[in-house]
Amino acid sequence: MKITVLGAAGGEVTGSTYTVQTNNARVLVECGMFQGGKKSDALNRPPVGQRQRLDAVLVTHGHLDHTGRLPLLSKMGYRGPVFATEATLDMTALILRDSARIQEGDAAHKSRKLLRAGEPPVEPLYTTADAEAIIEQFRPAPYLKPIPVAPGVQACFTEAGHMLGSSSILLIVEEEGRQKRVVFSGDLGPLNSPILPDFAPFKNVDMVFLESTYGGRNHRDYRETVDQFIEIVKDAVAHQGKILIPTFAIGRAQMLTILMSWAFRNKRIKPFPMFLDSPMAIEATKLYARNFSRTPELFDERISKYVRQRPIREDLKLLKATRTAAESMEINNVPGPCMVMAGAGMCNAGRILHHLKANLWKPQTHVAIVGYQAPGSLGRMLVEGQKVVRIFGEKIAVRAQVHTLGGFSAHAGQKDLMTWYDAVAPSNPRLVLIHGEDESRKELAKLIQQKHKANPLLPDRGDIIEL
Ligand SMILES: [Zn+2]
């Protein structure tokens with residue numbers, strides 16, 4: 001069998017996509033979008049693994065960098081199934097509908113400019129109709145029960161602890177009377193996160209594709225990070241500043257909302273105005289609530305107990321969910337202190353840009369970075385301490401206090417990645433490290449070499465790995 005690495009390789013962390021070719025079948029694992037920087041647009045355009053027949057598509061979790069190019073498959077005529085856990089399919093549908101709207105909006109905007117210049121218009125990468133078509137092909141898969149997905153190929157999903165419904169996928173391939181077992185870790189979450197269960201690694205495998213986003217370092221402890229966050233909030237409240245949090249709509253936004261409910265409930269901070277300024281984060285929060293009643297086992301026992309004590313919304317009477325652009329713009333007129341959670345998570349688009357433009361120059365503003373920032377993104381520039389940035393073509397001085405809160409990451413740090421690998425290592429699998437910048441990937445490779453005598457492969461985009 002041959003596995004082709006089509007993204008999240010060679011130092012990239014976005015665009016996760018792999019094709020698995022056996023004697024009898026061809027399966028796509030993930031179909032992610034490349035994000036961050038101009039180069040990404042060009043990478044997203046070419047067709048994904050469509051020159052030959054495709055039997056099935058599997059995705060580990062809903063994030064755009066793992067699912068964002070799925071509508072291209074329906075656009076190119078793929079009518080087969082897309083398997084993932086039920087909660088992942090919920091999240092993916094939400095994300096793809098939003099992504100299609102953005103693609104259509106961007107293309108219309110560019111086309112207007114091109115037409116004025118006497119040039120032909122551009123097509124969106126894909127449309128809402130393409131997204132709806134692939135959503136029709138979604139097939140829910142259970143956790144921990146192998147299901148047939150293609151001739152001679154079964155798939156089994158297990159908890160990855162990264163976002164609601166997230167999974168690692170084991171492919172069980174029968175070829176020439178032999179069975180081969182290949183695992184794709186997907187994105188792995190940190191252990192002991194307060195909302196999701198811990199990841200549950202597979203054992204006895206022949207090959208492993210392991211993510212290495214934070215392979216080079218450990219995050220600060222979650223509790224310490226909470227204390228650090230509370231101090232930031234207190235400072236902002238004392239100086240009537242705004243706290244801007246670029247949030248990925250799904251995962252971090254819900255975690256922070258719950259954390260603020262806890263801080264108010266336990267009188268760590270007096271309630272003050274908060275804005276969930278993202279229609280998608282508002283929808284995602286509803287999906288979290290729906291899954292919470294439907295499948296409580298997808299959540300950590302501690303959060304179940306906390307919600308049973310008292311509904312979260314009772315702590316959050318000053319939280320406003322702003323859906324419309326007009327409501328979002330109104331936030332500019334709200335005096336501090338207040339907290340604004342808005343997308344995009346890497347500050348490369350979305351409403352957070354307006355808030356950053358209006359507030360970065362003020363020293364009483366705090367920006368809390370709670371997720372991964374890809375090289376080239378505005379978020380990365382802020383993390384790296386740039387003193388001047390450009391937003392909507394305008395020069396903006398960065399006088400705000402920018403804080404990186406690694407302990408709120410949805411990704412496992414080095415120690416937790418090692419814990420995951422320790423569980424699969426006894427079967428001595430071939431290890432492929434993907435989804436990490438070069439330095440992180442090499443650090444993790446070195447550590448695994450030392451501890452398990454494994455010799456990890458660090459593929460580039462386009463590499464083919466045989467098993
Ligand atoms: Zn992810």
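Predicted model, so just to flag it, every value in this text is computed and none were measured. Just so you know, ligand 1 is whichever comes first in the structure, and atom 1 is the first atom listed for that ligand.
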Residues Arg302, Asp300: salt bridge by 4.0 Å N-O rule
yes
Looking at Val27, Val57, Ile147, which hits side-chain contact (heavy atoms from CB on, under 4.5 Å) with Phe83?
Ile147
Quick one: does His435's side chain have a donor or acceptor within less than 3.5 Å of a partner on Val13's backbone?
yes
Between Arg351 and Asp277 (salt bridge meaning N to carboxylate O under 4.0 Å), is one present in this structure?
yes
Provide the protein N, O or S atoms situated under 2.8 Å from the Zn ion (ligand 1); waters are not included.
His61 NE2, His63 ND1, His162 NE2, Asp187 OD2
Any salt bridge between Arg380 and Glu437, counting N to O under 4.0 Å?
yes
Hey, does Val205 have a side-chain heavy atom less than 4.5 Å from the side chain of Ser427?
yes
